[in-house]
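Computed from heavy atoms alone, side chains included, the values below leave out hydrogens, waters and symmetry copies. By convention in this document, chain letters (A, B, ...) are assigned in the order of the sequence lines, proteins followed by strands, and residues within each chain are numbered from 1.
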There are 2 protein chains.
Amino acid sequence: MAPTQTGSARVRVAVPSVAERVAEELRYQLAEGMLLPGARLTEATIAEDLGVSRNTVREAFAELASERLVVRQPNRGVFVATLEAGDIHDLYTVRRAIEVSSIRGGGSAERVAAVRAAVDEGKRAAAADDNDALGSANQHFHGAIVALAESKRLDTIMRHVLAEMRLYFHKATSDAHFYSAWLEENEAICAALEAGELERAGELLLGYLNRSEEQQLTVHGE
Amino acid sequence: MAPTQTGSARVRVAVPSVAERVAEELRYQLAEGMLLPGARLTEATIAEDLGVSRNTVREAFAELASERLVVRQPNRGVFVATLEAGDIHDLYTVRRAIEVSSIRGGGSAERVAAVRAAVDEGKRAAAADDNDALGSANQHFHGAIVALAESKRLDTIMRHVLAEMRLYFHKATSDAHFYSAWLEENEAICAALEAGELERAGELLLGYLNRSEEQQLTVHGE
DNA sequence: ATCGAAGAATCGTTGAACAATTCGACAATG
DNA sequence: CATTGTCGAATTGTTCAACGATTCTTCGAT
(Lines give C-alpha, C1' and ligand atoms only; values in the text may rest on other atoms or scores of the structure.)
Protein backbone atom coordinates (compact mmCIF):
# COMPACT_ATOMS: atom_id res chain seq x y z
CA MET A 1 0.00 0.00 0.00
CA ALA A 2 2.09 2.85 1.26
CA PRO A 3 5.23 3.43 -0.79
CA THR A 4 8.36 2.29 0.98
CA GLN A 5 9.12 5.02 3.51
CA THR A 6 10.30 7.82 1.23
CA GLY A 7 12.57 10.20 3.05
CA SER A 8 10.52 11.33 5.99
CA ALA A 9 11.55 9.90 9.31
CA ARG A 10 9.71 6.79 10.21
CA VAL A 11 6.77 7.92 12.24
CA ARG A 12 5.45 5.61 14.87
CA VAL A 13 1.76 5.37 14.33
CA ALA A 14 1.52 5.32 18.08
CA VAL A 15 -2.06 4.60 18.86
CA PRO A 16 -2.54 6.39 22.14
CA SER A 17 -2.63 3.93 24.97
CA VAL A 18 -5.83 3.29 26.82
CA ALA A 19 -4.50 5.20 29.81
CA GLU A 20 -3.85 8.20 27.63
CA ARG A 21 -7.27 8.08 26.12
CA VAL A 22 -8.76 8.00 29.58
CA ALA A 23 -6.63 11.00 30.56
CA GLU A 24 -7.73 12.76 27.39
CA GLU A 25 -11.37 12.12 28.11
CA LEU A 26 -11.03 13.40 31.64
CA ARG A 27 -9.11 16.44 30.43
CA TYR A 28 -11.98 17.13 28.09
CA GLN A 29 -14.56 16.86 30.82
CA LEU A 30 -12.49 19.10 33.03
CA ALA A 31 -12.18 21.76 30.34
CA GLU A 32 -15.89 21.63 29.58
CA GLY A 33 -16.90 22.03 33.17
CA MET A 34 -18.50 18.62 33.44
CA LEU A 35 -16.17 18.01 36.34
CA LEU A 36 -15.98 20.97 38.64
CA PRO A 37 -13.19 21.87 41.07
CA GLY A 38 -13.45 19.90 44.27
CA ALA A 39 -15.35 17.03 42.72
CA ARG A 40 -14.26 13.62 43.78
CA LEU A 41 -13.11 11.13 41.19
CA THR A 42 -13.64 7.60 42.40
CA GLU A 43 -11.44 5.08 40.69
CA ALA A 44 -13.98 2.31 40.50
CA THR A 45 -16.71 4.56 39.16
CA ILE A 46 -14.61 6.03 36.39
CA ALA A 47 -13.19 2.65 35.54
CA GLU A 48 -16.68 1.29 35.08
CA ASP A 49 -17.99 4.34 33.24
CA LEU A 50 -15.18 4.22 30.72
CA GLY A 51 -15.00 0.46 30.56
CA VAL A 52 -11.38 0.14 31.62
CA SER A 53 -9.63 -1.36 34.56
CA ARG A 54 -8.95 0.44 37.77
CA ASN A 55 -5.20 0.30 37.25
CA THR A 56 -5.54 2.05 33.95
CA VAL A 57 -7.56 4.80 35.57
CA ARG A 58 -4.81 5.17 38.10
CA GLU A 59 -2.27 5.73 35.39
CA ALA A 60 -4.46 8.41 33.89
CA PHE A 61 -4.78 10.04 37.30
CA ALA A 62 -1.02 10.13 37.65
CA GLU A 63 -0.79 12.06 34.41
CA LEU A 64 -3.50 14.53 35.33
CA ALA A 65 -1.96 15.03 38.75
CA SER A 66 1.35 15.93 37.15
CA GLU A 67 -0.54 18.60 35.23
CA ARG A 68 -2.11 19.86 38.44
CA LEU A 69 -5.60 19.29 37.10
CA VAL A 70 -6.38 16.87 39.89
CA VAL A 71 -4.96 16.43 43.35
CA ARG A 72 -4.20 13.15 45.02
CA GLN A 73 -4.94 12.91 48.69
CA PRO A 74 -3.29 9.80 50.06
CA ASN A 75 -5.77 7.14 51.02
CA ARG A 76 -8.60 9.56 50.38
CA GLY A 77 -8.81 9.75 46.69
CA VAL A 78 -8.44 12.02 43.72
CA PHE A 79 -10.19 15.37 43.54
CA VAL A 80 -10.50 17.95 40.83
CA ALA A 81 -8.02 20.68 41.73
CA THR A 82 -9.43 23.70 43.52
CA LEU A 83 -8.20 27.24 43.40
CA GLU A 84 -6.22 27.94 46.55
CA ALA A 85 -4.89 31.18 47.88
CA GLY A 86 -2.13 32.44 45.64
CA ASP A 87 -2.88 30.15 42.75
CA ILE A 88 -4.08 32.89 40.46
CA HIS A 89 -0.99 34.94 41.12
CA ASP A 90 1.08 31.83 40.67
CA LEU A 91 -0.39 31.05 37.29
CA TYR A 92 0.14 34.57 36.07
CA THR A 93 3.67 34.53 37.38
CA VAL A 94 4.39 31.58 35.15
CA ARG A 95 2.68 33.24 32.22
CA ARG A 96 4.59 36.47 32.66
CA ALA A 97 7.84 34.54 32.74
CA ILE A 98 7.35 32.44 29.65
CA GLU A 99 5.14 34.63 27.50
CA VAL A 100 7.16 37.79 27.90
CA SER A 101 10.39 35.95 27.47
CA SER A 102 9.09 34.30 24.33
CA ILE A 103 7.85 37.43 22.67
CA ARG A 104 11.02 39.33 23.48
CA GLY A 105 12.95 36.70 21.56
CA GLY A 106 10.87 37.27 18.46
CA GLY A 107 10.36 34.37 16.12
CA SER A 108 10.35 33.09 12.58
CA ALA A 109 7.98 34.52 10.02
CA GLU A 110 5.79 31.45 10.23
CA ARG A 111 5.46 31.70 13.96
CA VAL A 112 4.65 35.38 13.81
CA ALA A 113 2.07 34.60 11.15
CA ALA A 114 0.52 32.09 13.55
CA VAL A 115 0.14 34.83 16.14
CA ARG A 116 -1.52 37.02 13.54
CA ALA A 117 -3.80 34.16 12.60
CA ALA A 118 -4.91 33.83 16.20
CA VAL A 119 -5.72 37.53 16.34
CA ASP A 120 -7.81 37.21 13.21
CA GLU A 121 -9.50 34.14 14.61
CA GLY A 122 -10.50 36.28 17.57
CA LYS A 123 -11.88 39.01 15.37
CA ARG A 124 -13.97 36.56 13.42
CA ALA A 125 -15.30 35.06 16.63
CA ALA A 126 -16.17 38.52 17.89
CA ALA A 127 -17.95 39.34 14.64
CA ALA A 128 -19.90 36.12 14.94
CA ASP A 129 -20.62 36.98 18.55
CA ASP A 130 -19.36 33.56 19.56
CA ASN A 131 -18.04 33.91 23.07
CA ASP A 132 -16.77 30.39 23.31
CA ALA A 133 -14.75 30.73 20.14
CA LEU A 134 -13.42 34.03 21.43
CA GLY A 135 -12.06 32.34 24.50
CA SER A 136 -10.40 29.67 22.41
CA ALA A 137 -8.92 32.25 20.08
CA ASN A 138 -7.44 34.08 23.02
CA GLN A 139 -5.81 30.90 24.24
CA HIS A 140 -4.51 30.24 20.76
CA PHE A 141 -3.06 33.72 20.72
CA HIS A 142 -1.10 33.21 23.89
CA GLY A 143 -0.10 29.74 22.88
CA ALA A 144 1.21 31.13 19.62
CA ILE A 145 3.26 33.69 21.50
CA VAL A 146 4.98 30.99 23.51
CA ALA A 147 5.42 28.98 20.33
CA LEU A 148 7.62 31.80 19.03
CA ALA A 149 10.40 30.42 21.20
CA GLU A 150 10.18 27.03 19.48
CA SER A 151 10.71 25.24 22.74
CA LYS A 152 9.08 21.89 23.35
CA ARG A 153 9.33 22.40 27.06
CA LEU A 154 7.86 25.88 27.13
CA ASP A 155 5.06 24.67 24.90
CA THR A 156 4.04 21.91 27.25
CA ILE A 157 4.33 24.19 30.27
CA MET A 158 2.05 26.65 28.55
CA ARG A 159 -0.34 23.90 27.57
CA HIS A 160 -0.61 22.87 31.17
CA VAL A 161 -1.11 26.42 32.38
CA LEU A 162 -3.85 27.02 29.87
CA ALA A 163 -5.52 23.77 30.84
CA GLU A 164 -5.52 24.90 34.44
CA MET A 165 -7.04 28.19 33.49
CA ARG A 166 -9.76 26.51 31.51
CA LEU A 167 -10.53 24.46 34.57
CA TYR A 168 -10.68 27.36 36.99
CA PHE A 169 -11.97 30.20 34.87
CA HIS A 170 -14.24 27.96 32.99
CA LYS A 171 -17.22 30.15 32.17
CA ALA A 172 -16.26 32.81 34.67
CA THR A 173 -15.88 35.66 32.25
CA SER A 174 -18.78 35.22 29.91
CA ASP A 175 -19.03 38.96 29.92
CA ALA A 176 -18.60 40.04 26.33
CA HIS A 177 -16.99 43.41 26.88
CA PHE A 178 -14.00 41.81 28.57
CA TYR A 179 -13.16 40.05 25.40
CA SER A 180 -13.42 43.05 23.16
CA ALA A 181 -10.83 44.80 25.27
CA TRP A 182 -8.57 41.80 24.88
CA LEU A 183 -8.99 41.89 21.16
CA GLU A 184 -7.59 45.37 20.86
CA GLU A 185 -4.70 44.53 23.10
CA ASN A 186 -3.92 41.42 21.14
CA GLU A 187 -3.96 43.41 17.95
CA ALA A 188 -1.55 45.96 19.39
CA ILE A 189 0.77 43.29 20.71
CA CYS A 190 0.75 41.47 17.41
CA ALA A 191 1.39 44.66 15.49
CA ALA A 192 4.40 45.46 17.63
CA LEU A 193 5.67 41.96 17.14
CA GLU A 194 5.29 42.17 13.39
CA ALA A 195 7.05 45.52 13.39
CA GLY A 196 9.97 43.97 15.18
CA GLU A 197 9.44 46.19 18.20
CA LEU A 198 9.98 43.30 20.54
CA GLU A 199 10.71 45.34 23.63
CA ARG A 200 7.48 47.21 23.25
CA ALA A 201 5.56 44.06 22.46
CA GLY A 202 6.89 42.60 25.68
CA GLU A 203 5.78 45.64 27.66
CA LEU A 204 2.32 45.55 26.15
CA LEU A 205 1.99 41.86 26.87
CA LEU A 206 3.22 42.31 30.42
CA GLY A 207 0.67 45.06 30.95
CA TYR A 208 -2.06 42.85 29.60
CA LEU A 209 -1.11 40.00 31.90
CA ASN A 210 -1.00 42.25 34.92
CA ARG A 211 -4.42 43.66 34.18
CA SER A 212 -5.79 40.24 33.46
CA GLU A 213 -4.52 38.94 36.76
CA GLU A 214 -6.04 41.89 38.55
CA GLN A 215 -9.33 41.16 36.89
CA GLN A 216 -9.35 37.49 37.80
CA LEU A 217 -8.37 38.33 41.35
CA THR A 218 -11.40 40.56 41.75
CA VAL A 219 -13.76 38.15 40.05
CA HIS A 220 -12.67 35.29 42.27
CA GLY A 221 -12.61 36.05 45.96
CA GLU A 222 -9.26 37.87 45.97
CA MET B 1 2.00 16.31 73.38
CA ALA B 2 1.68 18.95 70.71
CA PRO B 3 -0.34 21.98 71.78
CA THR B 4 -3.77 22.12 70.21
CA GLN B 5 -3.19 23.15 66.61
CA THR B 6 -2.18 26.76 67.11
CA GLY B 7 -2.64 28.65 63.93
CA SER B 8 -0.60 26.64 61.46
CA ALA B 9 -2.56 24.76 58.84
CA ARG B 10 -3.12 21.11 59.49
CA VAL B 11 -0.36 19.22 57.77
CA ARG B 12 -0.98 15.77 56.44
CA VAL B 13 1.78 13.50 57.61
CA ALA B 14 1.60 11.83 54.24
CA VAL B 15 3.93 8.90 54.21
CA PRO B 16 5.12 8.83 50.63
CA SER B 17 3.51 6.01 48.72
CA VAL B 18 5.52 3.09 47.49
CA ALA B 19 5.27 4.39 43.94
CA GLU B 20 6.74 7.70 45.02
CA ARG B 21 9.54 6.04 46.87
CA VAL B 22 10.34 4.03 43.77
CA ALA B 23 10.33 7.21 41.70
CA GLU B 24 12.56 8.86 44.27
CA GLU B 25 15.01 5.98 44.19
CA LEU B 26 15.16 6.06 40.42
CA ARG B 27 15.58 9.83 40.43
CA TYR B 28 18.50 9.36 42.75
CA GLN B 29 20.11 6.76 40.54
CA LEU B 30 19.59 8.99 37.53
CA ALA B 31 21.18 11.98 39.22
CA GLU B 32 24.14 9.92 40.39
CA GLY B 33 24.82 8.50 36.99
CA MET B 34 24.05 4.93 37.93
CA LEU B 35 21.53 4.96 35.13
CA LEU B 36 22.92 6.57 32.04
CA PRO B 37 20.98 8.15 29.18
CA GLY B 38 19.71 5.54 26.78
CA ALA B 39 19.67 2.76 29.33
CA ARG B 40 16.68 0.55 29.24
CA LEU B 41 14.52 0.18 32.30
CA THR B 42 12.72 -3.12 32.26
CA GLU B 43 9.62 -3.14 34.39
CA ALA B 44 10.00 -6.67 35.66
CA THR B 45 13.65 -6.21 36.57
CA ILE B 46 13.14 -3.02 38.53
CA ALA B 47 10.08 -4.42 40.19
CA GLU B 48 12.09 -7.37 41.41
CA ASP B 49 15.13 -5.32 42.39
CA LEU B 50 13.09 -2.97 44.51
CA GLY B 51 10.71 -5.63 45.75
CA VAL B 52 7.56 -4.02 44.44
CA SER B 53 4.97 -4.98 41.90
CA ARG B 54 5.16 -4.21 38.23
CA ASN B 55 2.14 -1.94 38.40
CA THR B 56 3.77 0.17 41.05
CA VAL B 57 6.86 0.52 38.91
CA ARG B 58 4.64 1.66 36.11
CA GLU B 59 3.23 4.43 38.23
CA ALA B 60 6.72 5.56 39.09
CA PHE B 61 7.61 5.54 35.41
CA ALA B 62 4.64 7.73 34.63
CA GLU B 63 5.93 10.28 37.09
CA LEU B 64 9.48 10.22 35.76
CA ALA B 65 8.19 10.45 32.22
CA SER B 66 6.26 13.60 33.08
CA GLU B 67 9.56 15.03 34.28
CA ARG B 68 11.24 14.03 31.04
CA LEU B 69 13.81 11.96 32.87
CA VAL B 70 12.71 8.84 31.05
CA VAL B 71 10.97 8.29 27.76
CA ARG B 72 8.26 5.79 27.10
CA GLN B 73 8.35 4.04 23.79
CA PRO B 74 5.05 2.28 23.24
CA ASN B 75 5.37 -1.47 23.42
CA ARG B 76 9.11 -1.14 23.61
CA GLY B 77 9.73 0.01 27.09
CA VAL B 78 11.07 2.84 29.14
CA PHE B 79 14.49 4.32 28.49
CA VAL B 80 16.53 6.90 30.30
CA ALA B 81 16.09 10.11 28.35
CA THR B 82 18.82 10.97 25.88
CA LEU B 83 19.96 14.36 24.74
CA GLU B 84 18.45 15.06 21.35
CA ALA B 85 19.16 17.85 18.93
CA GLY B 86 17.93 21.11 20.36
CA ASP B 87 17.46 19.87 23.88
CA ILE B 88 20.30 21.90 25.33
CA HIS B 89 18.98 25.04 23.72
CA ASP B 90 15.53 24.11 24.89
CA LEU B 91 16.59 23.69 28.49
CA TYR B 92 18.39 27.00 28.50
CA THR B 93 15.41 28.67 26.90
CA VAL B 94 13.32 27.60 29.85
CA ARG B 95 15.98 28.72 32.28
CA ARG B 96 16.32 32.12 30.65
CA ALA B 97 12.59 32.59 30.83
CA ILE B 98 12.05 31.69 34.45
CA GLU B 99 15.34 32.66 36.04
CA VAL B 100 15.58 36.08 34.46
CA SER B 101 11.94 36.79 35.10
CA SER B 102 12.32 35.75 38.72
CA ILE B 103 15.36 37.85 39.45
CA ARG B 104 13.87 40.90 37.77
CA GLY B 105 10.98 40.69 40.18
CA GLY B 106 13.30 40.85 43.15
CA GLY B 107 12.23 39.12 46.32
CA SER B 108 11.87 39.27 50.06
CA ALA B 109 14.87 39.72 52.28
CA GLU B 110 14.77 36.05 53.27
CA ARG B 111 14.79 34.87 49.70
CA VAL B 112 17.63 37.17 48.79
CA ALA B 113 19.49 35.88 51.80
CA ALA B 114 19.00 32.36 50.49
CA VAL B 115 20.65 33.37 47.24
CA ARG B 116 23.54 34.81 49.18
CA ALA B 117 23.75 31.61 51.20
CA ALA B 118 24.07 29.59 48.00
CA VAL B 119 26.90 31.82 46.83
CA ASP B 120 28.70 31.31 50.12
CA GLU B 121 28.08 27.59 49.91
CA GLY B 122 29.81 27.65 46.56
CA LYS B 123 32.78 29.57 47.94
CA ARG B 124 33.20 27.12 50.76
CA ALA B 125 33.03 24.21 48.34
CA ALA B 126 35.65 25.87 46.18
CA ALA B 127 37.89 26.43 49.16
CA ALA B 128 37.49 22.79 50.09
CA ASP B 129 38.19 21.88 46.49
CA ASP B 130 35.05 19.76 46.47
CA ASN B 131 33.85 19.72 42.90
CA ASP B 132 30.71 17.79 43.65
CA ALA B 133 29.65 20.23 46.31
CA LEU B 134 30.43 23.06 43.93
CA GLY B 135 28.00 21.68 41.40
CA SER B 136 25.33 21.33 44.03
CA ALA B 137 25.93 24.85 45.27
CA ASN B 138 25.52 26.17 41.77
CA GLN B 139 22.19 24.41 41.43
CA HIS B 140 21.13 25.76 44.80
CA PHE B 141 22.06 29.22 43.61
CA HIS B 142 19.86 29.03 40.55
CA GLY B 143 17.10 27.36 42.48
CA ALA B 144 17.23 30.17 45.00
CA ILE B 145 16.92 32.72 42.20
CA VAL B 146 13.73 31.12 40.96
CA ALA B 147 12.52 30.88 44.53
CA LEU B 148 12.58 34.67 44.65
CA ALA B 149 9.31 34.62 42.75
CA GLU B 150 7.65 32.53 45.43
CA SER B 151 5.82 30.48 42.85
CA LYS B 152 5.06 26.84 43.49
CA ARG B 153 4.79 26.21 39.80
CA LEU B 154 8.02 27.91 38.82
CA ASP B 155 9.75 26.03 41.60
CA THR B 156 8.69 22.66 40.33
CA ILE B 157 9.49 23.58 36.74
CA MET B 158 12.95 24.58 37.86
CA ARG B 159 13.34 21.43 39.89
CA HIS B 160 12.56 19.38 36.82
CA VAL B 161 14.93 21.35 34.64
CA LEU B 162 17.75 20.95 37.12
CA ALA B 163 17.04 17.24 37.38
CA GLU B 164 17.34 16.97 33.63
CA MET B 165 20.61 18.82 33.68
CA ARG B 166 21.98 16.56 36.37
CA LEU B 167 21.06 13.63 34.19
CA TYR B 168 22.65 14.94 31.02
CA PHE B 169 25.58 16.93 32.30
CA HIS B 170 26.26 14.48 34.99
CA LYS B 171 30.02 14.62 35.39
CA ALA B 172 30.57 16.35 32.10
CA THR B 173 32.23 19.43 33.43
CA SER B 174 34.49 18.16 36.12
CA ASP B 175 36.93 20.76 34.98
CA ALA B 176 37.58 22.93 37.98
CA HIS B 177 38.27 26.21 36.26
CA PHE B 178 34.78 26.27 34.82
CA TYR B 179 33.41 26.46 38.28
CA SER B 180 35.62 29.25 39.49
CA ALA B 181 34.36 31.42 36.66
CA TRP B 182 30.81 30.63 37.73
CA LEU B 183 31.59 31.61 41.27
CA GLU B 184 32.58 35.11 40.32
CA GLU B 185 29.54 35.53 38.15
CA ASN B 186 27.26 34.28 40.87
CA GLU B 187 28.84 36.73 43.29
CA ALA B 188 28.28 39.61 40.89
CA ILE B 189 24.70 38.61 40.22
CA CYS B 190 23.98 38.23 43.91
CA ALA B 191 25.57 41.60 44.66
CA ALA B 192 23.42 43.32 42.07
CA LEU B 193 20.38 41.63 43.50
CA GLU B 194 21.21 42.73 47.02
CA ALA B 195 21.80 46.26 45.79
CA GLY B 196 18.35 46.27 44.27
CA GLU B 197 19.77 46.67 40.77
CA LEU B 198 17.36 44.12 39.41
CA GLU B 199 17.67 45.10 35.78
CA ARG B 200 21.40 44.70 35.89
CA ALA B 201 21.15 41.47 37.83
CA GLY B 202 18.88 40.17 35.11
CA GLU B 203 21.35 41.16 32.41
CA LEU B 204 24.22 39.50 34.22
CA LEU B 205 22.21 36.36 34.73
CA LEU B 206 21.13 36.31 31.11
CA GLY B 207 24.72 36.68 30.01
CA TYR B 208 25.74 33.85 32.25
CA LEU B 209 23.05 31.57 30.90
CA ASN B 210 23.98 32.37 27.32
CA ARG B 211 27.62 31.62 27.94
CA SER B 212 26.76 28.49 29.84
CA GLU B 213 24.62 27.25 26.99
CA GLU B 214 27.39 27.99 24.55
CA GLN B 215 29.76 26.01 26.68
CA GLN B 216 27.50 23.02 26.97
CA LEU B 217 26.84 23.10 23.25
CA THR B 218 30.53 22.84 22.50
CA VAL B 219 31.19 20.17 25.10
CA HIS B 220 28.39 18.01 23.78
CA GLY B 221 28.41 17.44 20.04
CA GLU B 222 26.78 20.81 19.15
C1' DA C 1 25.04 -11.68 3.02
C1' DT C 2 19.86 -11.10 2.86
C1' DC C 3 15.53 -12.50 4.04
C1' DG C 4 11.97 -14.43 6.54
C1' DA C 5 9.85 -17.20 9.95
C1' DA C 6 9.69 -19.41 14.59
C1' DG C 7 10.39 -18.48 19.38
C1' DA C 8 11.51 -15.71 23.42
C1' DA C 9 11.03 -11.53 25.90
C1' DT C 10 8.52 -7.59 27.20
C1' DC C 11 4.75 -4.48 27.26
C1' DG C 12 -0.26 -3.08 27.89
C1' DT C 13 -4.20 -4.19 30.18
C1' DT C 14 -7.31 -6.73 32.76
C1' DG C 15 -9.42 -8.84 36.85
C1' DA C 16 -9.31 -10.37 41.37
C1' DA C 17 -7.71 -10.17 45.83
C1' DC C 18 -6.43 -8.20 50.51
C1' DA C 19 -4.56 -5.06 54.02
C1' DA C 20 -4.70 -0.30 55.41
C1' DT C 21 -7.08 3.87 55.78
C1' DT C 22 -10.88 6.86 55.89
C1' DC C 23 -15.68 8.02 56.68
C1' DG C 24 -20.22 7.93 58.70
C1' DA C 25 -23.27 6.48 62.00
C1' DC C 26 -24.29 5.38 66.43
C1' DA C 27 -23.79 4.38 71.03
C1' DA C 28 -21.35 5.36 75.48
C1' DT C 29 -19.42 8.60 78.49
C1' DG C 30 -18.57 12.58 81.14
C1' DC D 1 -24.68 18.78 75.00
C1' DA D 2 -20.18 17.94 73.53
C1' DT D 3 -16.68 14.54 73.39
C1' DT D 4 -15.00 10.08 72.79
C1' DG D 5 -14.94 5.37 71.26
C1' DT D 6 -16.42 1.67 68.29
C1' DC D 7 -18.15 -0.82 64.41
C1' DG D 8 -18.99 -1.44 59.54
C1' DA D 9 -18.97 0.17 54.83
C1' DA D 10 -16.51 2.27 51.20
C1' DT D 11 -12.27 3.33 48.92
C1' DT D 12 -7.50 3.38 48.24
C1' DG D 13 -2.74 1.27 47.79
C1' DT D 14 -0.55 -2.61 46.30
C1' DT D 15 0.18 -7.19 44.80
C1' DC D 16 -0.30 -11.14 41.84
C1' DA D 17 -1.45 -13.89 37.90
C1' DA D 18 -2.89 -14.07 33.39
C1' DC D 19 -3.10 -13.23 28.20
C1' DG D 20 -3.02 -10.93 23.73
C1' DA D 21 -0.11 -7.87 21.16
C1' DT D 22 4.22 -6.14 19.81
C1' DT D 23 9.01 -6.20 19.49
C1' DC D 24 13.47 -8.40 19.53
C1' DT D 25 16.41 -12.32 18.55
C1' DT D 26 17.85 -16.32 16.64
C1' DC D 27 18.55 -19.20 13.05
C1' DG D 28 17.88 -21.59 9.07
C1' DA D 29 16.94 -21.13 3.94
C1' DT D 30 17.86 -18.98 -0.25
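Residues A/Ser53 and B/Phe61 each lie close to DNA chain C; by heavy-atom proximity, the contact nearer the 5' end of the strand is made by B/Phe61.
In this structure, B/Glu24 pairs ionically with B/Arg27, as a charged nitrogen and a carboxylate oxygen lie closer than 4.0 Å. Salt bridge annotation for A/Asp130-A/Arg124: absent, with no cationic side-chain nitrogen under 4.0 angstrom from a carboxylate oxygen.
For A/Arg54 against D/dG13, a side-chain N or O and a base N or O form a donor-acceptor pair under 3.5 Å.
Here D/dT15 presents its P atom at 13 Å from CD of B/Glu48, a figure rounded to the nearest Å. Put simply, CD on B/Glu43 is 14 Å from C1' on C/dT14, counting in whole angstrom units. Whole-Å rounding puts the B/Gln73 CD to C/dT10 P distance at 16 Å. Between the C1' atom of C/dT10 and the CZ atom of B/Arg72 lies a distance of 13 Å, rounded to the nearest Å. Remark: P of C/dA20 and CG of A/Asn75 are 11 Å apart, rounded to the nearest angstrom. If you measure from atom CZ of A/Phe79 to atom P of C/dT22, you get 12 Å, rounded to the nearest angstrom. Here D/dA18 presents its P atom at 16 Å from CG of A/Asn55, a figure rounded to the nearest Å. Distance CD (A/Glu20) to C1' (C/dG12): 12 Å, rounded to an integer number of Å.
Between B/Tyr168 and B/His220, the gap from one ring centroid to the other reaches at least 6.0 Å.
Distances shorter than 4.0 Å separate some side-chain N or O of B/Arg58 from OP1 or OP2 on C/dG12. Of the side-chain N and O atoms in B/Thr56, one or more sit less than 4.0 angstrom from OP1 or OP2 of D/dT15.
Among the atoms of the strands shown, only primed sugar atoms or phosphate atoms (P, OP1, OP2) are found under 4.0 Å from some heavy atom of A/Val52.
With 3.5 Å as the limit, one finds a donor-acceptor pair spanning the side chains of B/Asn210 and B/Arg96.
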